[in-house]
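Encoded as structure tokens, the structure appears first; notes follow it.
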Amino acid sequence: MTQRKYFGTDGIRGLVGEWPISADFMLRLGRAVGMVLSRQGHPRPKVLIGKDTRVSGYMFEAALEAGLVAAGTDVGLLGPMPTPAVAFLTRSLRADAGIVISASHNPHHDNGIKFFSADGEKLSDEIELAIEQELELDFTTVPSERLGKAIRVADAVTRYAEFCKSTVDENFSLRGVKIALDCANGATYQVAPKVFAELGAQVTTIGDKPDGFNINRDVGSTHPQALQLAVLEQGADIGIAFDGDGDRVQLVDRNGELADGDDILYVLANAWHANGQLEGPVVGTLMSNYGLQLALSKLDVPLIRANVGDRYVLQQLKQNNGNLGGETSGHILCLDRATTGDGIVAALAVLEALKQTGQNLTEARQGMQKMPQTMINVRADGAREALDGNAVREALAEIELALAGRGRVVLRASGTEPVVRVTVEAADEGEVRQLAERLADVVKSAAERS
């Protein structure tokens with residue numbers, strides 16, 4: 001990723017109005033994407049554009065559309081749609097690429113761009129690099145007779161809703177199940193209530209009134225307290241919270257207790273292992289709780305840890321022929337059902353698993369006991385470089401030895417700022433805090449000396 005000027009691990013993201021999250025950059029980006037696709041053998045490429053509910057989405061949608069049309073690319077406008085919906089529709093409508101305008105779980109003043117290939121997967125590193133190289137060239141427009149056209153895809157919500165329902169057994173029903181949904185005032189506000197209601201559930205919804213500015217504000221998977229309260233007030237059987245663009249999900253059991261991505265992975269792995277549906281290892285990340293690893297080991301199911309980021313989870317799943325992986329944050333990949341992390345599909349998978357086992361969420365997650373975890377952010381110039389120093393290595397080795405077989409420690413440098421994240425997990429909460437503080441102090445001292 002170091003060769004890239006604009007692309008990060010999950011597209012391009014930043015503050016609206018500041019380069020590159022500006023209308024002029026998006027105009028150039030649209031043209032660059034169209035030109036790269038044309039050179040790949042698509043004489044008249046077709047690109048879909050979806051967005052979440054941020055007010056800036058209108059501006060960036062128009063700019064991208066203009067740039068793509070200038071490069072001779074036809075455009076399909078999807079309107080507000082979850083990120084995984086764009087991945088699905090790109091495949092379903094035989095488009096050459098899909099673009100999502102979203103900053104996921106960030107507040108409204110941020111925005112970003114994500115891309116999908118014709119296969120509904122993240123763009124390859126080579127294509128991203130080619131787009132960046134094209135961005136450096138002068139803006140040109142193809143002759144008028146080669147200009148692209150733009151249309152509104154009127155049935156996008158219905159198409160995606162039908163896809164979501166197709167990921168569970170055709171006889172699967174949610175009749176008699178009371179579900180509380182939290183759509184984060186984001187991209188799922190139209191389609192999620194539709195999907196669960198059409199499967200027979202009694203649905204109540206919060207976070208379903210976006211105004212362009214309230215996306216993720218005190219609602220959604222990053223602020224689940226609103227849903228926890230709603231579940232208790234309404235006597236719901238389960239609560240489901242999405243983030244702003246719908247690729248993350250967190251659950252709430254009938255007692256108002258939160259179930260994060262680690263809980264979801266365990267529930268699915270346990271059910272799928274029992275019925276023979278689980279393929280390969282489960283893939284988590286460096287931040288997946290040690291309790292998940294221990295619980296899976298009791299099932300003789302290995303846990304592979306990828307770097308943080310759903311694209312790295314996907315890579316490990318493909319390399320190890322797995323079909324289940326995800327992050328603690330709620331990015332859950334069910335590769336036998338969808339090509340990318342999909343909050344609605346993951347929630348349906350859990351509901352189907354619960355029905356098959358005859359359990360509720362509280363019962364289904366009892367087989368995993370999470371370890372207490374402490375994470376300390378060490379912010380200092382030289383913090384990243386300090387990780388290679390002898391003092392830090394020796395302290396890390398001592399703590400790893402002390403926790404061998406009963407806990408773990410992770411040192412992870414931020415890719416965007418001078419921060420090192422110190423994470424320690426073990427059964428004794430006091431010991432965890434003490435060891436984390438001790439290692440953080442060593443990292444900070446080493447950074448100050450460098």
One should read off an interatomic distance between Leu123 CG and Ser117 OG, to the nearest 0.5 angstrom, of 6.5 Å
Taken to the nearest 0.5 Å, the spacing of Cys183 SG from Ile240 CD1 works out to 9.5 Å
| How are the rings of Tyr160 and Phe88 set to each other: parallel, tilted or perpendicular (split at 30° and 60°)? | tilted
| task | Report, as yes or no, whether the 6.0 Å neighbourhood of atom CG on Asn255 holds more than 12 heavy atoms from other residues, nucleotides or ligands. | result | yes
* Looking only at atom types and distance, does a side-chain atom of Glu132 sit under 3.5 Å from a main-chain N or O of Phe7, one as donor and one as acceptor? -> yes
Please confirm whether the backbone N or O of Lys149 pairs with a side-chain atom of Asp74, one donor and one acceptor, at under 3.5 Å? yes
Separation between CG (Asp247) and CD (Glu327), nearest 0.5 Å, reads 9.5 Å
Practice problem: Take Lys46 and Arg94 through the test side chain to side chain contact (heavy atoms under 4.5 Å, CB included) and record every step on the way to the result. | Solution: CA-CA 8 Å; Lys46 178 181 178 180; Arg94 306 298 193 271; over 6 Å; no
Within a radius of less than 6.0 Å around CD of Gln434, do more than 12 heavy atoms belonging to other residues, nucleotides or ligands occur? no
Item to complete: Give a yes or no on this: more than 12 heavy atoms of other residues, nucleotides or ligands lie within 6.0 Å of atom OH of Tyr58.
Response: no
Checklist entry - Has the side chain of Thr423 got a donor or acceptor atom that lies under 3.5 Å from a matching backbone atom of Met287? => result no
Look at the side chain of Asn320 and the backbone N and O of Gly322, then say whether any donor-acceptor pair between them is shorter than 3.5 Å.
-> no
Cationic N near anionic O, under 4.0 Å, Glu134 to Arg31: yes
Report the C-alpha separation of Val409 and Leu435 in whole Å, then their side-chain angles, then the decisive distance to 0.1 Å, and conclude whether the side chain to side chain contact (heavy atoms under 4.5 Å, CB included) test is met.
CA-CA 9 Å; Val409 56; Leu435 292 175; over 6 Å; no
query = Ignoring hydrogens and geometry, is there a side-chain-to-backbone donor-acceptor pair from Asp208 to Tyr189 under 3.5 Å?
reply = no
- Measure from NZ or CZ of Lys51 to the centre of the six-membered ring of Phe60, then state whether that distance is under 6.0 Å and the direction lies within 45° of the axis. no
| query | Is there a donor-acceptor contact under 3.5 Å from the side chain of Arg54 to the main chain of Asp110? | reply | yes
The reported gap from NE2 in His108 to CD1 in Ile215 (rounded to nearest 0.5 angstrom) is 10.5 Å
request  = Keeping the roles fixed (side chain from Asp52, backbone from Thr83), state whether a donor-acceptor pair exists under 3.5 Å.
outcome  = no
Rounded to the nearest 0.5 angstrom, the CG-OG1 distance for Leu48 and Thr90 is 4.5 Å
- Query: Counting heavy atoms not belonging to Glu429, are there more than 12 under 6.0 Å from its CD?
  - Reply: no
Do Glu425 side-chain atoms and Gln373 backbone N/O form a donor-acceptor pair below 3.5 Å? no
Shortest non-hydrogen pair, Ala353 vs Ala271, comes out as CB-CB, 3.7 Å
Worksheet item: Does a salt bridge link Asp125 with Arg311, judged by any charged N lying under 4.0 Å from a carboxylate O?
Response: yes
Which of Leu348, Val168, Asn323, Asp342 passes side-chain contact (heavy atoms from CB on, under 4.5 Å) with Arg337? Answer is Val168
Given the options Thr328, Asn289, Thr285, Asp262 meets side chain to side chain donor-acceptor pair (under 3.5 Å) only with Thr328
- prompt: Would you call the rings of Phe25 and Trp19 parallel, tilted or perpendicular, where under 30° means parallel and over 60° means perpendicular?
  reply: perpendicular
Between Leu68 and Ile99, does the side chain to side chain contact (heavy atoms under 4.5 Å, CB included) criterion hold? Intermediate values first, please. CA-CA 11 Å; Leu68 287 161; Ile99 299 176; 4.2 Å; yes
Pair Arg254 + Asp237, salt bridge at N-O below 4.0 Å
yes
Salt bridge (Lys or Arg N to Asp or Glu O under 4.0 Å) test vs Asp310 passes for just one of Lys122, Lys114, Arg248, namely Lys122
Has the side chain of Asp155 got a donor or acceptor atom that lies under 3.5 Å from a matching backbone atom of Thr158?
-> no
| message | What verdict does the side chain to side chain contact (heavy atoms under 4.5 Å, CB included) test give for Val177 and Phe196, after you've listed the backbone C-alpha separation in whole Å, the side-chain angles of each residue and the deciding distance to 0.1 Å? | response | CA-CA 10 Å; Val177 180; Phe196 293 99; over 6 Å; no
Output for pair (Leu439 CG, Leu411 CG), nearest 0.5 Å, gives 4.5 Å
May I ask you to check whether over 12 heavy atoms, not counting those of Glu352, lie within 6.0 Å of atom CD? yes
Exercise. Is His223 reaching over with its side chain to a backbone N or O of Arg217, donor-acceptor style, under 3.5 angstrom?
Worked result: no
- Using a strict 4.0 Å threshold on nitrogen-to-oxygen distance, state whether Glu162 and Lys165 make a salt bridge. yes
